[in-house]
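These notes concern the structure reproduced below.
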Amino acid sequence: MRLNAAFGVVTELRLGLVGGLWPTILAVWHIPSLLFQPLEISRIFMSHVWDLYGNSVDEAGRGVKKGLITPHAYGVVLDLGAGHGHTVNYLDHSRVTKYVAVEPNVHMHAALRRTASAAGYSEDAGTLLVLPCGAENISTILSYLPAPHPPVDTLISVLTICSIPSPQSTISALITEVLKPGGQMLFYEHVLSERKDVAWWQRFWTPLWGIFFDGCRLDRPSHKWIEDAGGWVQGEGGIWGKEEETEEHLFWHRVGRLVKT
Ligand SMILES: C[S@@+](CC[C@H](N)C(=O)[O-])C[C@H]1O[C@@H](n2cnc3c(N)ncnc32)[C@H](O)[C@@H]1O
Ligand SMILES: *[C@@H]1O[C@H](CO)[C@@H](O)[C@H](O)[C@H]1NC(C)=O
(Lines give C-alpha, C1' and ligand atoms only; values in the text may rest on other atoms or scores of the structure.)
(Ligands and ions follow the chains in the order given, each with its own letter.)
Protein backbone atom coordinates (compact mmCIF):
# COMPACT_ATOMS: atom_id res chain seq x y z
CA MET A 1 0.00 0.00 0.00
CA ARG A 2 1.27 3.46 -0.86
CA LEU A 3 2.43 5.39 2.19
CA ASN A 4 0.43 8.50 1.39
CA ALA A 5 -2.72 6.37 1.29
CA ALA A 6 -1.80 4.72 4.60
CA PHE A 7 -1.29 8.11 6.20
CA GLY A 8 -4.26 9.72 4.45
CA VAL A 9 -6.18 10.15 7.68
CA VAL A 10 -3.48 12.39 9.14
CA THR A 11 -4.65 15.32 7.03
CA GLU A 12 -8.24 14.76 8.08
CA LEU A 13 -7.25 14.43 11.73
CA ARG A 14 -5.26 17.63 11.57
CA LEU A 15 -8.00 19.60 9.79
CA GLY A 16 -10.62 18.32 12.22
CA LEU A 17 -8.50 19.17 15.23
CA VAL A 18 -7.65 22.63 13.98
CA GLY A 19 -11.28 23.36 13.12
CA GLY A 20 -12.97 21.84 16.13
CA LEU A 21 -10.53 22.59 18.92
CA TRP A 22 -10.77 26.35 19.22
CA PRO A 23 -14.59 26.64 19.43
CA THR A 24 -14.56 23.73 21.91
CA ILE A 25 -11.99 25.47 24.10
CA LEU A 26 -14.17 28.59 24.01
CA ALA A 27 -17.21 26.56 25.09
CA VAL A 28 -15.26 25.14 28.05
CA TRP A 29 -14.02 28.61 28.90
CA HIS A 30 -17.62 29.82 29.15
CA ILE A 31 -18.89 26.75 31.03
CA PRO A 32 -15.92 25.36 33.05
CA SER A 33 -18.03 22.54 34.53
CA LEU A 34 -17.84 20.92 31.07
CA LEU A 35 -14.35 19.80 32.07
CA PHE A 36 -16.03 17.08 34.13
CA GLN A 37 -18.21 15.96 31.22
CA PRO A 38 -15.88 14.43 28.61
CA LEU A 39 -18.78 13.03 26.53
CA GLU A 40 -20.31 16.50 26.33
CA ILE A 41 -16.96 18.00 25.26
CA SER A 42 -16.59 15.35 22.58
CA ARG A 43 -20.08 16.14 21.25
CA ILE A 44 -19.49 19.89 21.20
CA PHE A 45 -16.24 19.24 19.34
CA MET A 46 -17.98 16.94 16.84
CA SER A 47 -20.75 19.47 16.17
CA HIS A 48 -18.12 22.10 15.26
CA VAL A 49 -16.21 19.66 13.07
CA TRP A 50 -19.49 18.88 11.28
CA ASP A 51 -20.21 22.62 10.85
CA LEU A 52 -16.93 22.84 8.97
CA TYR A 53 -16.82 19.57 7.04
CA GLY A 54 -20.39 18.21 6.92
CA ASN A 55 -21.12 19.94 3.61
CA SER A 56 -18.04 18.59 1.85
CA VAL A 57 -18.66 15.06 3.14
CA ASP A 58 -22.21 15.40 1.81
CA GLU A 59 -20.93 16.60 -1.54
CA ALA A 60 -18.56 13.64 -1.81
CA GLY A 61 -21.54 11.30 -1.35
CA ARG A 62 -24.02 13.23 -3.48
CA GLY A 63 -23.95 10.89 -6.49
CA VAL A 64 -24.45 7.83 -4.29
CA LYS A 65 -27.26 9.42 -2.28
CA LYS A 66 -29.11 10.62 -5.39
CA GLY A 67 -29.15 7.07 -6.70
CA LEU A 68 -29.87 5.40 -3.37
CA ILE A 69 -32.18 7.66 -1.39
CA THR A 70 -34.14 9.86 -3.82
CA PRO A 71 -35.72 7.11 -5.94
CA HIS A 72 -36.27 4.62 -3.09
CA ALA A 73 -37.13 6.32 0.23
CA TYR A 74 -40.86 6.40 0.96
CA GLY A 75 -43.39 6.61 3.80
CA VAL A 76 -42.04 7.04 7.33
CA VAL A 77 -38.27 7.48 7.03
CA LEU A 78 -36.01 6.99 10.03
CA ASP A 79 -32.52 8.49 9.67
CA LEU A 80 -29.95 7.05 12.09
CA GLY A 81 -27.44 9.66 13.31
CA ALA A 82 -29.05 12.43 11.25
CA GLY A 83 -26.34 14.99 12.08
CA HIS A 84 -27.23 18.28 10.44
CA GLY A 85 -29.96 16.65 8.39
CA HIS A 86 -28.12 16.39 5.09
CA THR A 87 -30.16 13.29 4.17
CA VAL A 88 -33.46 15.20 4.19
CA ASN A 89 -32.34 17.03 1.05
CA TYR A 90 -32.45 13.76 -0.91
CA LEU A 91 -36.02 12.83 0.07
CA ASP A 92 -38.80 13.04 -2.49
CA HIS A 93 -41.42 15.05 -0.63
CA SER A 94 -44.28 13.54 -2.60
CA ARG A 95 -43.46 10.05 -1.32
CA VAL A 96 -42.00 10.60 2.16
CA THR A 97 -44.69 11.38 4.72
CA LYS A 98 -42.51 11.80 7.81
CA TYR A 99 -38.81 12.34 8.49
CA VAL A 100 -37.73 10.89 11.84
CA ALA A 101 -34.22 12.03 12.76
CA VAL A 102 -32.45 10.05 15.49
CA GLU A 103 -29.57 12.23 16.72
CA PRO A 104 -28.11 11.89 20.23
CA ASN A 105 -25.90 14.96 19.84
CA VAL A 106 -28.25 17.79 20.82
CA HIS A 107 -25.69 20.37 19.70
CA MET A 108 -26.59 19.35 16.16
CA HIS A 109 -30.35 19.77 16.55
CA ALA A 110 -30.63 23.45 15.59
CA ALA A 111 -28.88 22.88 12.26
CA LEU A 112 -30.87 19.66 11.75
CA ARG A 113 -34.19 21.51 12.23
CA ARG A 114 -33.09 24.28 9.85
CA THR A 115 -32.19 21.82 7.09
CA ALA A 116 -35.43 19.86 7.56
CA SER A 117 -37.54 22.99 7.54
CA ALA A 118 -35.89 24.27 4.35
CA ALA A 119 -36.76 20.91 2.77
CA GLY A 120 -40.41 21.28 3.86
CA TYR A 121 -40.47 19.03 6.96
CA SER A 122 -41.53 20.53 10.29
CA GLU A 123 -42.68 19.48 13.73
CA ASP A 124 -45.69 21.81 13.47
CA ALA A 125 -46.94 20.02 10.36
CA GLY A 126 -46.25 16.63 11.97
CA THR A 127 -43.78 15.72 9.21
CA LEU A 128 -40.63 15.98 11.34
CA LEU A 129 -39.63 14.21 14.53
CA VAL A 130 -36.25 14.79 16.17
CA LEU A 131 -35.29 12.13 18.73
CA PRO A 132 -32.40 12.98 21.08
CA CYS A 133 -31.45 9.34 21.73
CA GLY A 134 -28.99 6.86 20.22
CA ALA A 135 -29.87 4.30 17.55
CA GLU A 136 -29.40 1.57 20.18
CA ASN A 137 -32.18 3.05 22.30
CA ILE A 138 -34.93 1.04 20.58
CA SER A 139 -37.56 1.37 23.29
CA THR A 140 -37.32 5.17 23.24
CA ILE A 141 -37.49 5.27 19.43
CA LEU A 142 -40.61 3.08 19.47
CA SER A 143 -42.23 5.10 22.23
CA TYR A 144 -42.23 8.18 19.98
CA LEU A 145 -43.77 6.42 16.98
CA PRO A 146 -47.47 5.60 16.80
CA ALA A 147 -48.67 1.98 16.45
CA PRO A 148 -48.87 -0.28 14.57
CA HIS A 149 -45.35 -1.51 15.26
CA PRO A 150 -42.93 -1.96 13.59
CA PRO A 151 -43.57 1.61 12.38
CA VAL A 152 -40.90 2.51 9.80
CA ASP A 153 -41.00 2.07 6.00
CA THR A 154 -37.45 3.20 5.22
CA LEU A 155 -34.49 2.92 7.58
CA ILE A 156 -31.52 5.02 6.48
CA SER A 157 -27.96 5.00 7.77
CA VAL A 158 -25.43 7.36 6.25
CA LEU A 159 -21.98 7.17 7.88
CA THR A 160 -23.42 6.31 11.29
CA ILE A 161 -22.93 2.60 11.97
CA CYS A 162 -19.24 3.39 12.49
CA SER A 163 -20.11 5.07 15.80
CA ILE A 164 -23.05 3.25 17.39
CA PRO A 165 -22.52 0.99 20.42
CA SER A 166 -23.14 -2.79 20.12
CA PRO A 167 -23.58 -2.42 16.36
CA GLN A 168 -24.57 -6.00 15.57
CA SER A 169 -27.33 -6.28 18.15
CA THR A 170 -28.48 -2.71 17.43
CA ILE A 171 -28.76 -3.37 13.68
CA SER A 172 -30.62 -6.57 14.29
CA ALA A 173 -33.05 -4.98 16.79
CA LEU A 174 -33.72 -2.05 14.44
CA ILE A 175 -34.57 -4.42 11.61
CA THR A 176 -36.77 -6.66 13.74
CA GLU A 177 -38.57 -4.10 15.89
CA VAL A 178 -38.47 -0.81 14.00
CA LEU A 179 -38.60 -1.70 10.29
CA LYS A 180 -41.94 -2.88 8.84
CA PRO A 181 -42.09 -6.14 6.91
CA GLY A 182 -41.73 -5.09 3.26
CA GLY A 183 -39.82 -1.99 4.38
CA GLN A 184 -36.27 -1.34 3.28
CA MET A 185 -32.91 -0.38 4.69
CA LEU A 186 -30.75 2.05 2.72
CA PHE A 187 -27.16 2.57 3.78
CA TYR A 188 -23.95 4.30 2.75
CA GLU A 189 -21.08 3.55 5.13
CA HIS A 190 -17.31 3.55 5.24
CA VAL A 191 -16.29 0.01 6.16
CA LEU A 192 -13.43 -2.38 6.87
CA SER A 193 -11.50 -2.98 3.66
CA GLU A 194 -11.29 -6.40 2.05
CA ARG A 195 -7.59 -5.76 1.42
CA LYS A 196 -5.35 -6.95 4.25
CA ASP A 197 -2.92 -4.02 4.06
CA VAL A 198 -5.67 -1.39 4.03
CA ALA A 199 -7.47 -3.18 6.88
CA TRP A 200 -4.24 -3.17 8.90
CA TRP A 201 -3.98 0.59 8.61
CA GLN A 202 -7.68 1.04 9.38
CA ARG A 203 -7.20 -0.90 12.63
CA PHE A 204 -4.03 1.03 13.36
CA TRP A 205 -5.71 4.46 13.11
CA THR A 206 -9.05 3.58 14.73
CA PRO A 207 -8.10 4.17 18.41
CA LEU A 208 -6.73 7.65 17.73
CA TRP A 209 -9.41 8.57 15.20
CA GLY A 210 -12.17 7.44 17.58
CA ILE A 211 -10.94 9.61 20.44
CA PHE A 212 -11.47 12.76 18.41
CA PHE A 213 -14.41 11.80 16.23
CA ASP A 214 -17.09 10.61 18.60
CA GLY A 215 -15.99 6.98 18.73
CA CYS A 216 -16.09 6.58 14.93
CA ARG A 217 -14.36 3.32 13.90
CA LEU A 218 -12.66 2.69 10.55
CA ASP A 219 -12.58 -1.08 11.06
CA ARG A 220 -16.22 -2.18 11.03
CA PRO A 221 -17.62 -4.52 8.35
CA SER A 222 -20.98 -2.76 8.72
CA HIS A 223 -22.26 -3.90 5.31
CA LYS A 224 -21.67 -7.54 6.27
CA TRP A 225 -23.40 -7.11 9.61
CA ILE A 226 -26.44 -5.64 7.89
CA GLU A 227 -26.54 -8.40 5.31
CA ASP A 228 -26.01 -11.09 7.96
CA ALA A 229 -28.81 -9.73 10.14
CA GLY A 230 -30.93 -11.66 7.67
CA GLY A 231 -34.58 -11.68 6.78
CA TRP A 232 -33.94 -9.88 3.48
CA VAL A 233 -35.82 -10.53 0.26
CA GLN A 234 -33.49 -12.43 -2.07
CA GLY A 235 -32.87 -10.87 -5.47
CA GLU A 236 -34.05 -7.36 -4.57
CA GLY A 237 -31.70 -4.44 -4.14
CA GLY A 238 -28.18 -5.46 -3.15
CA ILE A 239 -24.85 -4.13 -1.92
CA TRP A 240 -22.42 -2.27 -4.15
CA GLY A 241 -19.48 0.14 -4.07
CA LYS A 242 -18.79 3.75 -4.86
CA GLU A 243 -17.87 4.60 -8.43
CA GLU A 244 -14.28 5.64 -9.00
CA GLU A 245 -13.22 4.89 -5.44
CA THR A 246 -9.74 3.41 -5.18
CA GLU A 247 -9.37 0.22 -3.19
CA GLU A 248 -6.55 1.77 -1.21
CA HIS A 249 -8.69 4.34 0.50
CA LEU A 250 -8.93 4.08 4.30
CA PHE A 251 -12.50 5.32 3.99
CA TRP A 252 -13.73 2.56 1.71
CA HIS A 253 -17.47 2.74 1.16
CA ARG A 254 -20.27 0.24 0.66
CA VAL A 255 -23.76 1.17 -0.42
CA GLY A 256 -26.84 -0.97 0.01
CA ARG A 257 -30.57 -1.33 -0.38
CA LEU A 258 -32.17 -4.34 1.26
CA VAL A 259 -35.85 -5.16 1.59
CA LYS A 260 -37.26 -6.92 4.63
CA THR A 261 -39.36 -10.03 4.05
C1 LIG B 1 -20.44 11.20 10.41
S2 LIG B 1 -21.90 11.81 11.12
C3 LIG B 1 -23.09 11.55 9.80
C4 LIG B 1 -24.29 12.45 9.90
C5 LIG B 1 -25.36 12.28 8.83
N6 LIG B 1 -25.86 10.93 8.77
C7 LIG B 1 -24.87 12.73 7.48
O8 LIG B 1 -24.71 11.88 6.59
O9 LIG B 1 -24.65 13.93 7.28
C10 LIG B 1 -22.31 10.56 12.33
C11 LIG B 1 -23.51 10.93 13.18
O12 LIG B 1 -23.85 9.84 14.05
C13 LIG B 1 -24.24 10.38 15.29
N14 LIG B 1 -24.16 9.35 16.33
C15 LIG B 1 -23.15 9.11 17.21
N16 LIG B 1 -23.49 8.11 18.03
C17 LIG B 1 -24.72 7.70 17.67
C18 LIG B 1 -25.63 6.71 18.19
N19 LIG B 1 -25.31 5.94 19.21
N20 LIG B 1 -26.83 6.59 17.59
C21 LIG B 1 -27.17 7.37 16.54
N22 LIG B 1 -26.35 8.31 16.03
C23 LIG B 1 -25.16 8.48 16.59
C24 LIG B 1 -23.29 11.54 15.48
O25 LIG B 1 -23.78 12.44 16.44
C26 LIG B 1 -23.25 12.13 14.08
O27 LIG B 1 -24.25 13.07 13.86
C1 LIG C 1 -32.83 6.44 25.91
O2 LIG C 1 -33.20 7.76 25.55
C3 LIG C 1 -33.83 8.51 26.58
C4 LIG C 1 -34.27 9.83 25.98
O5 LIG C 1 -33.23 10.51 25.35
C6 LIG C 1 -32.85 8.67 27.74
O7 LIG C 1 -33.48 9.37 28.80
C8 LIG C 1 -32.40 7.29 28.23
O9 LIG C 1 -31.40 7.44 29.21
C10 LIG C 1 -31.83 6.46 27.05
N11 LIG C 1 -31.57 5.11 27.50
C12 LIG C 1 -30.47 4.46 27.16
C13 LIG C 1 -30.36 3.04 27.65
O14 LIG C 1 -29.57 4.95 26.51
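Order of appearance sets the numbers: ligands from 1, and atoms from 1 within every ligand.
Taking the six-membered ring for Trp and thresholds of 30 and 60 degrees, F213 and W209 have ring planes inclined between 30 and 60 degrees apart.
Within the structure, no pair that satisfies the salt bridge (Lys or Arg N to Asp or Glu O under 4.0 Å) test touches residues 20-49, not counting sequence neighbours. Here salt bridge (Lys or Arg N to Asp or Glu O under 4.0 Å) pairs that include residues 55-71, with residues two or more places apart or in two chains, are D58-R62, D58-K65.
One N or O on the side chain of N105 and one on the backbone of H107 form a donor-acceptor pair closer than 3.5 Å.
For R203 and W205, the positive end is not near the middle of the six-membered ring at less than 6.0 Å and at most 45° from its axis.
Ligand-side atoms of ligand 2 in range of C133: 2 (O), 5 (O), range being under 4.0 angstrom from any heavy atom.
In this structure, the protein non-hydrogen atom closest to atom 12 (C) of ligand 2 is N137 ND2, 3.2 Å. Protein heavy atom in closest approach to atom 4 (C) of ligand 2: T140 CG2, 4.0 Å.
With sequence neighbours left out, S157 forms a side-chain hydrogen bond (donor to acceptor under 3.5 Å, both in side chains) with E189.
With ring centers used as reference points, W225 lies 6.0 Å or more from F187.
When the shell of 6.0 Å around OH of Y144 is examined, it contains 12 or fewer heavy atoms from other residues, nucleotides or ligands.
At a 4.0 Å heavy-atom cut-off, the residues surrounding ligand 1 are W50, G81, A82, G83, H86, E103, P104, N105, M108, G134, A135, E136, V158, L159, T160, S163, I164, P165, D214, listed by chain and number.
For atom 9 (O) of ligand 2, the nearest protein heavy atom lies 4.0 Å or farther away.
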